[in-house]
Structures are given as structure tokens and as C-alpha cells.
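Computed over heavy atoms, backbone and side chain alike; hydrogens, waters and symmetry mates excluded. First listed ligand is number 1; within each ligand, the first listed atom is number 1.
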Amino acid sequence: MERIAIMRQLRVELGQRSYNIHIQAGILNEVGLMSRDFTSVCKVMLVSNPTVYNLYGQQTMEALHTAGFEPVLALMPDGEEYKNLDEAARVLDTAVESHLERSSLIFALGGGVVGDLAGFAAAIFQRGIDFVQIPTTLLAQVDSSVGGKVAVNHALGKNLLGAFHQPRAVFIDPQSLNTLEERDFKSGLGEAVKYGIVYDADFFAFLEENAAKIIKKEEECIEELIYHSCRIKSLIVAADEKENGLRMILNLGHTFGHAVETLGGYGFYRHGEAVVMGTMAASYLALEMGLLTEAELHRITALYHALGLKTVFPSLPSAEVYQAMLGDKKVKAEKIRLVLPRGIGSFYIADDVNKEQVIRAIQTAQTLK
Ligand SMILES: NC(=O)c1ccc[n+]([C@@H]2O[C@H](COP(=O)([O-])OP(=O)(O)OC[C@H]3O[C@@H](n4cnc5c(N)ncnc54)[C@H](O)[C@@H]3O)[C@@H](O)[C@H]2O)c1
Ligand SMILES: [Zn+2]
């Protein structure tokens, strides 16, 4: 029996910068017409990479043409290692050469890499033009397409060059996940679990109860997972758009994780994989500090395993990991600020952890599975 595609809609409440997130199987065919709700411009740019464009480019281009858009195409190479200033400059060259205007739109079709880079280009082209996110990986659908953080990497650190620039709309087509590689699907799950750990115990329980269905990619379950992830992220972003407080909690596992990504070489570990490893280190630290019980730590590990995620921290020298963590832009005056789980569904921001504690947590995460 064919399932009727349900349209789910969320709104990110940010005053004049508010926008909708639309989640619906098949919505890729509607992105043009639906964008007519907020623009009458003709000239637009579609940013993607060859992998995604070969799969969904034609369909998206048709959807744009149908609605009277005249899209120019800018393709960046596929990979985290290309999320840099050089590639952003190339995309911007296309924008300039094809005479994009202040009122033009950029459509980002792809995973978090394309979304972050295209959004960054939109943020600086003529001091900022509108852009639309069409995320095609699970990670981008549950996290990176929402919230307006756009950035490119620097050789010395992840996302060091960036801006806050909210999209005008987010169109999520869960069907696009059918072509995603298993490893990328899992990486997205790794990122989604954080919402449960630091903010929403019910969501954590939902993931526990449905882990088997989730790894089988049962459609309804995946749509629910995407919906709740976007719902939670929208609430957090609406409360703290520029990350002066609450939004920080979404960095759970990220300071450790970014060090892993930087030391591993961009692209070696998937972002979500690094976040899982980093969250384990943060969880051991939380255990040591009495913020987490053994039983709660076990629930976190068990959930990751049920979702098919590897929890063991890579065997990089812990002193180097620590050093790379100091290079992370979230570090304030040589002190590492870390988001830690406090039980399941809550958080603690630690400003006062010392080097020994961090190194011990890394080493524990390297030895325990
Ligand atoms: N801006 C934010 O708030 C935020 C949040 C989390 C992560 N991120 C960033 O997101 C990036 C990671 O994103 P990602 O995991 O989506 O990686 P990605 O964009 O590299 O995509 C992973 C791979 O999947 C391919 N792909 C994309 N869609 C596909 C599809 N439907 N079918 C088949 N293949 C497809 C891509 O070409 C790529 O090879 C990192 O750079 C990370 O820093 C940003
Ligand atoms: Zn992340």
C-alpha cells in the first residue's frame, strides 16, 4: 500500500528572519513553486556537487524552471576537504560572472558541506543575499540546514571562517536519503542523538525504542526523527540565535570531535562519527564529575551501539588532541569550555575542567568500547 506523503512544517521564530522548514517525501519537485511564496526574482544560483547533482540536479532544475526561475549552476568538488575559502571564491566567481543581483537567491542542494559553503557565499555576496537549504544527507536534514551557521574550514581549524546567515526556507525530502551511503546515514544519526542527550529525554527514549526501525530506515520513523530533530533545533536557535548561551549545548562532543576531524585530516572521519567519539569523551568526563551515573553512561553507549555507531575514540596521542582542542574557536582564554551531559536530557557547561581531566577522558574513551 502506498503511503500518502505527509507534509510536516515547522517555523524557526526569529522575528523578521523567521522561516519555515518543510519536510515531505517528494518535496524536491516543489521547491520552485514553494519558493515563490517569498520571492519574485528570476535569476538564481544552484550550488551543489557532482555526486548530488547527478542524482537530483535535473529534478531540482526542472522544479526551478517550472516556477519561472533562471538558475545558473555552480558545482564544488565533493568532500569536506573542499569546504574552504578557495572553493567558496570559485562559487562567488560564478555569482559575479552571471550577474546575480541583491535580490537573487542561492539554492544549496547537498549535504552539510554544500549547505555550509553555499550559505557562506550567500552571506558575503553583496553583503548578504537570501539562500534556501535543500539538504540531502541525514546530517544536513537533522542539523546543519537549520539555524544559519554557515562557514568554511581553515587549515588550522574547522569552520573558522563563517557567519550567521539564516536561510529563507528549508526543504527536506526524506526520499533523498535512499541513495545515501550507509556511513553518511550513520553519521547523521550520530549528530541527532545529541538532542536527546542534552535537551530532550523523550527524544532519547524515542531513539532507544525505535533504534531497530531506524537502522532499517523505516520511512515513518525517519521522518519522525527528522521532524523532532528540527523541532528541537528550531527551539534552541529561536532562543539563542548567535550562540551566546543555550545554543552552545549543540556543541556536545564537538570540541573533542573537531580535534579528531582536524588531526585525522578533513574528510577522514565523518563529522557525525567524530561527534559520537567526542560525546563519549565528554560523557566519561561527566561521569568523573558526578554529572552522569554509570547507568546513564551505559544508556548512551547502548543507544549508539544499537544505531550501529562506533564509540571508541581514535588512538591519536591525547596531548595532541588536547592541543587541537585549544585551537578550537570555542576556547576562551586558554580554558576549554565543554558541554557535558547532566543525566539524560540536560546539560552542564563546564568552564573549569583542567588539562589532566580532559586527557584522562580522552584516554578512557580510547580504551573502553
Ligand atoms: N552549519 C551547521 O550548523 C552544521 C551543523 C552540523 C554539521 N555541519 C557541517 O556539515 C558537514 C557535514 O555534512 P554531511 O555529513 O552532510 O557531509 P557531506 O556534505 O560531505 O555529505 C556526505 C556525502 O554524501 C554525499 N551525498 C549528499 N547527499 C546525498 C544523497 N542524497 N545521496 C547520495 N550521496 C549524497 C555527498 O556528496 C558526500 O559525499 C561538516 O562540514 C560539518 O561541519 C554544519
Ligand atoms: Zn555538528
Please report whether ligand 1 has a polar contact with [X], defined as an N or O pair separated by less than 3.5 Å (distance criterion only).
{"X": "Thr179", "value": "yes"}
{"X": "Ala140", "value": "no"}
{"X": "Gly112", "value": "yes"}
{"X": "Lys149", "value": "yes"}
{"X": "Arg247", "value": "no"}
{"X": "Glu181", "value": "no"}
{"X": "Asp78", "value": "yes"}

Between ligand 1 and [X], can you find any atom pair, the residue atom being a heavy atom, that is separated by under 4.0 Å?
{"X": "Met76", "value": "no"}
{"X": "Glu80", "value": "yes"}
{"X": "Gly110", "value": "no"}

>> Under a 3.5 Å threshold, yes or no: a donor from one side chain and an acceptor from the other, between Ser187 and His271?
In response: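 No, His271 and Ser187 have no side-chain donor paired with an acceptor closer than 3.5 Å.
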>> Just to be sure I'm reading this right: ignoring hydrogens, which of Val152, Asp184, Val275, Leu180 gets closest to atom 34 (N) of ligand 1? Compare them by their nearest heavy atoms.
In response: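 Comparing heavy atoms across Val152, Asp184, Val275, Leu180, the nearest one to atom 34 (N) of ligand 1 lies in Leu180.
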When the side chains of residues 202-214 are checked against the rest of the protein, which donor-acceptor pairs come out under 3.5 Å, sequence neighbours left out?
unit_1	atom_1	unit_2	atom_2	d
Glu208	OE1	Arg299	NH2	2.8
Glu208	OE2	Arg299	NE	2.9
Asn210	ND2	Phe206	O	2.8

Give the contacting part of [X] toward ligand 1: side chain, backbone, both or neither, where contact means a heavy-atom distance below 4.0 Å.
{"X": "Thr136", "result": "both"}
{"X": "Val113", "result": "both"}
{"X": "Asn49", "result": "side chain"}
{"X": "Lys233", "result": "side chain"}
{"X": "Val146", "result": "neither"}
{"X": "Asp116", "result": "side chain"}

>> Is the distance from the ring center of Tyr195 to that of His228 below 6.0 Å?
In response: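 That pair fails the under 6.0 Å test.
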>> Any salt bridge linking Arg270 with Glu80? Criterion: basic side-chain nitrogen under 4.0 Å from a carboxylate oxygen.
In response: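 No, no charged N to carboxylate O under 4.0 Å.
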> Less than 4.0 Å between a side-chain N and a carboxylate O, is that true for Glu273 and Lys310?
Replying inline: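 No, no charged N to carboxylate O under 4.0 Å.
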>> Tell me whether Arg342 forms a cation-pi arrangement with Phe347, defined as NZ or CZ under 6.0 Å from the six-membered ring centre and within 45 degrees of its axis.
In response: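 No, Arg342 does not lie over the aromatic ring of Phe347.
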> Can you tell me the angle formed at the Zn ion (ligand 2) by NE2 of His271 and OE1 of Glu191, to 10°?
Replying inline: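 With the Zn ion (ligand 2) as the vertex, the angle is close to 110°.
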> Looking at atom 16 (O) of ligand 1, what's its closest protein heavy atom, distance included?
Replying inline: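 Protein heavy atom with the smallest distance to atom 16 (O) of ligand 1: Thr137 OG1, 2.6 Å.
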> Just by modelled atom types, is the Asp143 backbone N or O under 3.5 Å from a matching donor or acceptor in the Lys233 side chain?
Replying inline: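 Side chain of Lys233 to backbone of Asp143: a pair is present.
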